[in-house]
Amino acid sequence: MANCQPTEYTGPLDSVPRKTPRQCSILLKKRNMPRYEARRIEAKWQAYWDAHHTFELNAAQAAADQPKLYVLDMFPYPSGEGLHVGHPEGYTATDIVCRYSRMLGKKVLHPMGWDAFGLPAEEYAIKTGTHPAVKTYENIDNFRRQLKMLGFSYDWSREFSTTDPDYYRWTQWIFLQIFDTWYDPTFEWTGPDGKMRTGKGRPIAELPIPLDVAAQGHDAVRRYQDKNRLAYQHEAPVNWCPELGTVLANEEVIDGKSDRGGYPVERRPLRQWMLRITSYGDRLGNELEELNWPESIKLLQRNWIGRSEGAEVDFFIGTTGHQISGDVRSLTPAVIQADMVNAARKQLELPGEIKFVGDGRTGPVRLLHNGQDLNLSPEVLGKIVGQAVAQRSQDVIGTDIAWKEWKKTRAESGFPKEPTADAIRVYTTRPDTLFGVTYMVLSPEHPFVDRLTTGAQKGAVEEYRRLASLKSERDRTDAGKTKTGVFTGGYALNPVNGQPVPIWIADYVLSSYGTGAIMAVPAHDVRDWEFAVKFAIPITPVVQAPAGYEYSKEERDLAREVNGQTEMPFAGLGTATNSGPYSGLPTLEFKSKISAELNAQGLGKIAVNYRLRDWLFSRQRYWGEPFPIWHELDKDGQPTGLMRADTPAELPVTLPPMADFKPTGTPEPLLSKAPAEWLYKTLPDGTRLKRETNSMPQWAGSCWYYMRFIDPKNHQAFVDPELAKQWLPVDLYVGGAEHAVLHLLYSRFWHKVLFDRGHIGTPEPFGRLVNQGMILGEAELTGYQDAAGQWVPANMATDGPEGGPAHVHKQSSQPLTSIKLTADQVTKQGNDFVLAAQTEISVDSRAYKMSKSRGNVINPDSVVKEYGADALRLYEMFMGPLEATKPWNMSGVEGIARFLARVWRMIADERQDHVVLNPAVQDVTPTVEQMRTLHKTIAVVTQGLDALSFNTVISRLMEFVNEITPQEPRPRAILEPFVLLLSPLAPHLAEELWELLGHTQTLAYEPWPQFDPQLLVESEVEIPVQVGGKLRGRIKLPAGANQETAEAVAKADPNVSQHLTGKQIVKVIFVVDRMLNFVAK
RNA sequence: GCCGAAGUGGCGGAAUGGCAGACGCACUGGAUUCAAAAUCCAGCGAGGUUUACUCCUCGUGCGGGUUCGACUCCCGCCUUCGGCACCA
C-alpha cells in the first residue's frame, strides 16, 4: 500500500494525472477525484470561446434590433512589466457587465487595444539598439496573453494598437481636422443632438479676414489663419526635460520633476505646437453637467478648467514719446514750472523772465516773456514740452495731453481686441476695486518691462528677471514662500481716475495666466496685501465688509496692528466706499456697472479666463505620431514660417526608418536626424518643404480610440458615421482615477471638435464613468527603532528629509529604522496597535501602494497559476466596493478558491475519476424553501449587478451554496439558474458546470433568470420588538399581520412583558413585517 | 491653506432611518485521518450575569442635536487618503 502513496498528487492542481494505474484504483479513486481543476477548465473554455468566436460582434449581430451597450476599459499601455493586479479589477467589472448584458439580450460592444506609443519603448530602444516597434509588439503579445488567460469576453477581432500605421493614419487625419478649424465663440447653432450652443469650431476657410490683413496679400492671410487655428505654433517658455530629451505638458510635470521618471525639468522658450483647448473651456465645463460621472471627478475637471469671470482693463502708459516713467507724485506744479522754464530758455535762448501760465488741464498753455504772451504756436510749445520731457523722464503736461487724447481715441475706437502698446492690459475678477489700486505687477517675462524700467531701476530689474528665469515654475509658484519683487520705476494711469500707479515686477504674477499683468488692490486681495506690506506700498480700502463678516484664515493670518487698530485684507463681497460715483454700491452691482462703463469708454471689457492652459502638443521624441505638416523653406533653406498640411490621401505619414534613437541632447527633435528623403521635398512649383520634426504626445492616440473600435477596419473614414451614431457614446467607461483630468479632458476636447465639424453626432464621448479604486499591497505592521535599537512609538516617527533617512524622530530628528513585524508580535490597544512585549510602543498598521521598491507587488500570473483565473476575478470583485481603495490579502484569494471548489462539489461528483454529475443532483421538483432561496438569489444578484456592487452579489451566491449544499437531493431546476447567475463572475467554472448539466452550447447567450416576487413572500416573518427603542425580543407573525395581532403576540413574550410592567404605553410604532416599538414611560 | 472621499470586530467589508457586524479571511474547539493536507461541524465585538435556557450594559472616529428609533439625517471637531496649491 505504501508504494501506492501518490506523492505526486500533492502538487499543483494541474499536475494531477487524469489516468492512474489500475492496481491502486481503490485508494486512488479517492485521491484522484476530479476536484475543481481551474487550469484544465479555464484553458478548455478559453479555447472554446476563441474557436467559436463567441464574443465577436459580427456585422449581422451589430445590426440586430436589440438595445446596444458599449462597455469600454481604459486603454492600457502595454508595459514590459506586464499586467498588474490593478488592471483586472476594472476589466473584470466590465467583463461581468458585458456577460450579464448579453444574457439580458443586449448587443454588446466590448473591445480591447493598446496605447503603445511613448517613452518606455523608446528608452529601451536607446539602451538596446532595437527598434521601439519590436519591443512594443512583444509587450503587446504578452499583455494579450495575460488578458486571454483571465477569460475576458473581448471582441478580439477589433484589436489594434495606436502604433499601427492604419490607426495613426486617422490620428493624423483628426489632427488635420483640428488644424483646419478655428473657434468662433459667438456662432449660434443647433447641433445634431438638438441643443442650442453658442460657439463652434468652424473650417478655417470660413474665418473672416480683416481688411487690413487681406490688403497685405496672400501670405499675410495665411499667417493670419495660422494664428487662429485650433492647432497652432507658439513660442513660449515650456517644460524642457533634458534627461528625457523632450518637453512636457504642465500636467506631466509634478513638483518640478517629470511625471515619468522624476527627472528635473527646466523652463526654456521654444517653438511648440499647441492645441487651443481653452476655446472649449466653457463647453468642457458646462457639458459635464449631463454626464453620469462621479461628482468628485466632475468637480476635479471643473477645478482643473478653473473658469473665472472678470474684466480686462487697460492702464495707460503712453507711447514711446510720452512715457510715464518718473515719479509723477514728486512733481509739484513748482517743479514742473521750473522744468519747463529751463526747457524754454534753452530752446528759445531768451534772457529775462520766463513764465508759463496754465498747465494744460484747464486751458491752453501760454508762455509769458517778461510778462508778455509770446503767442507761441502749439508746435513750438510742444517742442519745449518735449524737451522738458527729455530732461526729466516725466512730464505731467505731456502725460496729461496724451492721456486725454488716448481716452478720446479709445472712446471712439472702442476696446481693442488685441492689447495695444500704449497700455498695460490687466485681468481682474474685481473691477469694482479699481479705485483701490495702489500698484501694478507685471510678470517678469512681460514684454513691456524693458520699456517701463527707468535707468535707476535697470540693474535691479534685470537681476530679478534673470533669477526668475532660472527658477522652475514650481519654485516660483510655491505658495508658501514670501513675496519678492522689484519696482520698475515706471507708472501707469488708472483708467477710472487718472491716478499714476507704480509698476512692479514680481514672480507671483504668472505670464501664462490672464494677461500676465495685474492691478494690485492690497486692501482686498491677500496676495497683494502681503506684497504691499512687505514693500510699504499704500493700502486703500474701497470695499466695506458686511456686518458680521467672518474673515477667512488666510485673511486673519495677515492681520497687522496700525495705530493700535487691527487691519487685515478683506477679499469678500461688500459695499463700495471711496470709489467716486460708485460709492455705496454692492460689489456685484458695481462690477456689472463699471464693466459696462469701461466698455463704453473703450477702456475695458468683460473677460473670462481659465486656469486651464492650451495643450502643449509636441514632443521631441521618435516613438510618436509624426505631424502631417510641412514647413516652407526660402532660397537659403530657412523656414519662412508658412506651412502646408499633407492631404488626407498622403496619410499616413509613417515614421522614418532610423537606427539611432539617442536624444540629440538639445531641444532639436530626434526626427531631425531622419533621412533627407523623409525630411525634404520639392513641390512642382519649386517650393522647398521640410517636414515638421516634432512628434505627437502619447495622449494623441488615446483621444479617439473608443471611436475606432466601432469600425476598426474602415479605410475610407476614421469611423463610419452611421456606425458611430449607432454606438456612441460609450455607455460604461471604467478605469483609474489618475486619468480624471488629462485623458478624459483631452478626449472630450477632440470629440467636441469632431462634433462641431459634423463628423459625429454626440457631444460627449463617455456617458457613464466609473473609477475603480486602487489595490494596495498586503497590510504591513511596522515598528521603529532608533540608532541604539530602542523602540520608538510610531507617532514619533516622521518622514525624513529628501535624500536623507526614510524616517526620523519627530522631535530629535534622529534617523530611525523601520522594522517589519509579524501579527503575533503586536496587539491591539484602544485604537492603536502596540508591541505585545512593550505595550507603550505603538506601531504602524497600514497597507501601501504596490511598488517594486517595497517588494509588495502581486503578480496576476502567479495568482492564476496557483488559484485560477476565476478565483482571481472573483476575489478582486469580492474585496470591497469597486470604487474603494483596498488592500490585497492572499488568504482572501484562498477563501474564494474554496468557495469555487464548494460550487464544484455541489454539482460535480468529485469521488468519481472522471467528471460526472453529483448523484445528489436530481430532476426533482424543488421545495418552496428552495425556490425561495433561488429567487432571493436571483433578485439580489440582478440588482447587485445593475448597481455594480459585485461584492454583495458574491456574498449572496455564497449564501446560496451554503444553504443548498447540505441538502439532498439537489434539484437541477435550481442549480441551472444558479450556474447562470454565477457565469458572469466565474465564467469558466460556470461553462464547465453548464456542460456537465447536459448542455451542449455556451451559456454566454442563455437568457438571464427572472425572479418571481411571489416566491419571495414568506408565510411567516420574524420581526423585532422594541420597548423605548431598545430591542427586547423577536416575535414570529404571519406575513402581513396587523398591529393588534402583533401587539398581542409581543405582549405575550416574557422579556417584552417584563420590560413593559410598571410602565405606561404612550405610543406604539408598527411597520408591517418590519418592526414593532412600544414607547413606554 | 482650499476642494473631494472615507473612518464599523483582529482584518476586508455588509446594513443608507427600523434586529449593527451579512459574506469572506484570521483565530479557537471538535469530527475525520496512523499523521498531515483537504473537508465537515461549532464558536468568535467588549464587559457583566445565570445551574441553565438566559438576560443586562456598552459599542459604528470624537462632541452635540433631530427622531418612538441614528452606522445612516443635521451642526461642530479629529484623523487618514486623494487632488489642487500665489490663477489676479
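Proteins get letters first, then strands, A, B, ... in listed order; numbering begins at 1 in each.
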key: Pair A/Asp314 + A/Arg425: basic N to acidic O under 4.0 Å   = yes

inquiry  = Under the criterion side-chain hydrogen bond (donor to acceptor under 3.5 Å, both in side chains), I'd like the reasoning laid out for A/Asn889 against A/Tyr875: C-alpha separation, chi angles, the key distance, then a yes or no.
reply    = CA-CA 9 Å; A/Asn889 178 2; A/Tyr875 173 65; 5.4 Å; no

ask   = Which of the following nucleotides, B/A14, B/G18, B/C86, is nearest to the side chain of A/Asn1077?
value = B/G18

query = Atom CD of A/Gln1058 and atom P of B/C56: how far apart are they, to the nearest Å?
reply = 7 Å

request  = Go through the steps for A/Tyr508 and A/Asp528 under the test side-chain hydrogen bond (donor to acceptor under 3.5 Å, both in side chains), then give the verdict.
outcome  = CA-CA 10 Å; A/Tyr508 82 91; A/Asp528 297 346; 2.8 Å; yes

key: Spacing of the C1' atoms in B/U50 and B/U60 (rounded, Å)   = 29 Å

ask   = When you check the phosphate oxygens OP1 and OP2 of B/C55, does a side-chain N or O of A/Lys1030 lie under 4.0 Å from one of them?
value = no

Heavy-atom donor-acceptor pair, A/Asn1077 side chain to A/Gly1029 backbone, under 3.5 Å = yes

task = Indicate whether any N or O donor in one side chain lies under 3.5 Å from an N or O acceptor in the other, for A/Gln825 and A/Thr822.
result = yes

query = Does a side chain donor of either A/Ser308 or A/Tyr427 reach within less than 3.5 Å of an acceptor in the other side chain?
reply = yes

key: Rounded interatomic separation in angstrom, taking CE from A/Met519 and P from B/A88   = 13 Å

remark   = Comparing nearest nucleotides in RNA chain B, the 5'-proximal residue of the pair A/His1059, A/Tyr610 is A/His1059

ask   = If you check every side-chain atom of A/Met1075, which of B/G18, B/G13, B/C11 has the closest atom?
value = B/G18

inquiry  = Can you tell me how the ring of A/Phe535 sits relative to the ring of A/Phe531, calling it parallel under 30°, perpendicular over 60° and tilted otherwise?
reply    = tilted

query = Closest nucleotide of RNA chain B for A/Tyr875 versus for A/Phe1078: which of these residues is on the 5' side?
reply = A/Tyr875

Same-atom distance (C1') from B/A20 to B/C71, integer angstrom = 8 Å

Stems formed with participation of RNA chain B [Watson-Crick or G-U wobble, under 3.5 Å, three or more pairs] = B:1-7 with B:78-84, B:10-12 with B:23-25, B:27-31 with B:39-43, B:45-48 with B:55-58, B:61-65 with B:73-77

Polar atoms only, N or O, under 3.5 Å: list the protein pairs with nucleotides 22-25 of chain B and their distances.
unit_1	atom_1	unit_2	atom_2	d
B/A22	O2'	A/Glu959	OE2	3.3
B/A22	N1	A/Ser955	OG	3.3
B/G24	OP1	A/Asn962	ND2	3.2
B/C25	OP1	A/Arg898	NE	3.2
B/C25	OP1	A/Arg898	NH2	2.9
B/C25	O2'	A/Ser891	OG	3.2

inquiry  = Checking understanding here: a glycosidic angle within 90° of 0 is syn, the rest anti, so what is B/G12?
reply    = anti

query = Just how far, in rounded Å, is P of B/G1 from OH of A/Tyr551?
reply = 21 Å

query = For the side chain of A/Val1079, counting heavy atoms from C-beta on, which of B/A88, B/G18, B/C68 is nearest?
reply = B/C68

ask   = Checking all strands, does A/Glu1022 fall into the base, sugar-phosphate, or nothing category for heavy-atom contacts under 4.0 angstrom?
value = base

Test ring-ring contact (aromatic ring centres under 6.0 Å, His included) applied to A/Phe899 and A/Phe878, step by step = CA-CA 12 Å; A/Phe899 162 68; A/Phe878 189 59; 8.4 Å; no

P atoms of B/C23 and B/G45, separation to the nearest Å = 13 Å

task = Look at A/Asn771 and B/G82 and indicate whether a side-chain polar atom (N or O) is within less than 4.0 Å of OP1 or OP2.
result = no

Whole-angstrom distance between B/C2 and B/G59, as gauged at atom C1' = 36 Å

ask   = To the nearest angstrom, how far is A/Leu1031 atom CG from B/C55 atom C1'?
value = 12 Å

ask   = Does the base of B/C81 carry an N or O that pairs as donor and acceptor with the side chain of A/Arg846 under 3.5 Å?
value = no

message = Measuring only the C1' atom in each nucleotide, how far is B/G7 from B/G12? A whole number of Å is fine.
response = 14 Å

request  = Provide the distance between the two C1' atoms, one in B/A6 and one in B/A42, to the nearest whole Å.
outcome  = 36 Å

request  = Please work out if A/Thr885 contacts a base, only the sugar-phosphate, or nothing of the nucleic acid, heavy-atom cut-off 4.0 Å.
outcome  = sugar-phosphate

query = Which one, B/G1, B/C3, B/A14, comes nearest to the side chain of A/Lys553?
reply = B/G1

query = Does OP1 or OP2 of B/C40 have a side-chain N or O of A/Arg905 closer than 4.0 Å?
reply = yes

query = Quick one: which of B/G1, B/G4, B/A88 gets closest to the side chain of A/Val509?
reply = B/A88

Protein-nucleotide distance (A/Arg611, atom CZ; B/C87, atom P), rounded to Å = 10 Å

ask   = Which value, in whole Å, describes the distance between the P atoms of nucleotides B/A31 and B/A36?
value = 11 Å

message = Between A/Arg1074 and B/C19, is there a contact of a side-chain N or O with OP1 or OP2 at under 4.0 Å?
response = no

ask   = Salt bridge check: are A/Glu295 and A/Lys298 linked by an N-O gap of less than 4.0 Å?
value = yes

Nucleotide nearest A/Pro1024 when distance is taken to its side chain, options B/C3, B/G13, B/C19 = B/C19

query = Under a 4.0 Å N-O cut-off, is there an ion pair linking A/Arg556 with A/Glu554?
reply = no

query = When you compare B/G9 with B/G64, how far apart are their C1' atoms, in angstrom units rounded to a whole number?
reply = 27 Å

message = What is the distance, to the nearest angstrom, from the NZ atom on A/Lys1067 to the P atom on B/G69?
response = 9 Å

request  = Take atom CG of A/Asp1053 and atom P of B/U54, then tell me their distance rounded to the nearest Å.
outcome  = 13 Å

request  = For A/Arg613 and A/Ser512, test the side chains for any donor-to-acceptor distance below 3.5 angstrom and give the result as yes or no.
outcome  = yes

message = For A/Glu89, run the side chain to side chain contact (heavy atoms under 4.5 Å, CB included) check against A/Met774, A/Met879, A/Lys886 and tell me which one passes.
response = A/Lys886

query = Is A/Arg1032 near enough to B/C56 that one of its side-chain N or O atoms lies under 4.0 angstrom from OP1 or OP2?
reply = yes

task = Nearest whole angstrom, please: distance from the C1' of B/U80 to the OH of A/Tyr848.
result = 12 Å

